[in-house]
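Encoded as structure tokens, the structure appears first; notes follow it.
What's counted below: heavy atoms across the whole structure, side chains too, no hydrogens, waters or symmetry copies.
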Amino acid sequence: MCIYIIVEGKNDRSKLRPLLQPEINIVCTFGTLNSDKLEALLEQINDHEVYLFMDNDSSGKKIRGILRDAFPNATQIYTSRGYAGVEGTPEEYLIAQLEKAGLQEFIIYGTQ
């Protein structure tokens with residue numbers, strides 16, 4: 001079973017990548033979701049386990065809403081409104097959110 005985390009952009013992916021083992025797939029929406037991108041994500045992820053980790057801003061909430069409809073069984077991961085998106089979130093907080101989502105066995109600790 002593959003595990004996917006969907007984020008908005010490559011900077012979000014770059015922030016999470018060192019915190020997670022390589023078998024976790026981190027894919028980007030690149031800020032927008034048209035029907036072609038959504039279809040490609042649906043095809044790529046298929047029936048695999050999926051997590052949604054979007055920024056806590058208006059565009060992140062919009063993308064999360066679309067993805068929530070496309071992946072109704074996805075686990076939601078949230079960052080705090082006080083941070084500048086996933087990429088601007090401190091590693092300790094990201095790790096806490098990943099643990100809360102049940103991904104502790106895939107976290108690489110001690111990267112700070």
Side-chain angles (χ1 to χ4, degrees):
M1 178 68 114
C2 289
I3 297 174
Y4 287 86
I5 297 177
I6 303 175
V7 297
E8 289 179 70
K10 62 182 181 351
N11 292 335
D12 298 336
R13 180 175 53 203
S14 296
K15 181 79 176 202
L16 288 176
R17 183 73 277 157
L19 304 177
L20 292 162
Q21 293 178 6
E23 63 262 31
I24 301 292
N25 299 288
I26 304 171
V27 294
C28 304
T29 66
F30 297 108
T32 57
L33 263 180
N34 59 32
S35 57
D36 290 340
K37 278 189 192 175
L38 186 57
E39 195 60 43
L41 277 175
L42 284 164
E43 194 172 297
Q44 178 182 6
I45 293 170
N46 200 1
D47 290 332
H48 298 295
E49 195 171 340
V50 64
Y51 295 79
L52 305 180
F53 202 171
M54 310 291 120
D55 295 347
N56 195 356
D57 59 15
S58 60
S59 70
K61 289 175 183 174
K62 181 179 178 186
I63 292 168
R64 185 185 295 276
I66 294 166
L67 291 171
R68 188 183 292 130
D69 290 343
F71 300 99
N73 296 324
T75 300
Q76 306 294 323
I77 306 174
Y78 296 92
T79 189
S80 174
R81 200 171 294 157
Y83 299 127
V86 173
E87 70 180 272
T89 301
E91 285 184 9
E92 314 79 62
Y93 190 88
L94 291 173
I95 288 170
Q97 295 307 102
L98 293 167
E99 288 172 339
K100 195 171 161 184
L103 292 169
Q104 49 272 51
E105 69 183 281
F106 302 102
I107 296 171
I108 300 170
Y109 292 96
T111 60
Q112 292 106 0

Between [X] and [Y], is any pair of side-chain heavy atoms under 4.5 Å apart?
| X | Y | answer |
| --- | --- | --- |
| Gln104 | Leu98 | no |
| Ile5 | Leu103 | yes |
| Thr79 | Tyr93 | yes |
| Phe53 | Leu94 | yes |
| Tyr78 | Arg64 | yes |
| Val86 | Glu8 | no |
| Leu20 | Ile107 | yes |
| Arg17 | Ile24 | yes |

If you measure from [atom1] on [X] to [atom2] on [Y], what distance do you get to the nearest 0.5 Å?
| X | Y | atom1 | atom2 | answer |
| --- | --- | --- | --- | --- |
| Leu19 | Glu91 | CG | CD | 5.0 Å |
| Gln44 | Asn46 | CD | CG | 10.5 Å |
| Met54 | Thr29 | CE | OG1 | 6.0 Å |
| Ile6 | Asn25 | CD1 | CG | 11.0 Å |

For Glu99, the side chain to side chain donor-acceptor pair (under 3.5 Å) test, sequence neighbours excluded, returns Tyr109
If you count heavy atoms of other groups shown closer than 6.0 angstrom to NZ of Lys61, is the number above 12? yes
Give a yes or no on whether Glu23 atom CD has more than 12 heavy-atom contacts from other residues, nucleotides or ligands under 6.0 Å away. yes
Check for me, please, whether [X] and [Y] land in the same ILVMFWY cluster - side-chain distances under 4.5 Å, paths through other members count.
| X | Y | result |
| --- | --- | --- |
| Tyr51 | Ile95 | yes |
| Leu41 | Ile3 | no |
| Phe106 | Val50 | no |
| Val27 | Leu42 | yes |
| Leu33 | Val7 | no |

Sequence neighbours excluded and cut-off under 3.5 Å, please list the side-chain donor-acceptor pairs for residues 66-74, or say none.
none

Residues Gln21 and Glu105: closest non-hydrogen pair is NE2-O, 3.3 Å
Minimal heavy-atom distance between Ala101 and Thr75, with the atoms involved, is CB-CG2, 4.1 Å
| task | Kindly determine whether Asp12 and Asp55 satisfy side-chain contact (heavy atoms from CB on, under 4.5 Å), including the steps that lead there. | result | CA-CA 9 Å; Asp12 298 336; Asp55 295 347; 3.8 Å; yes
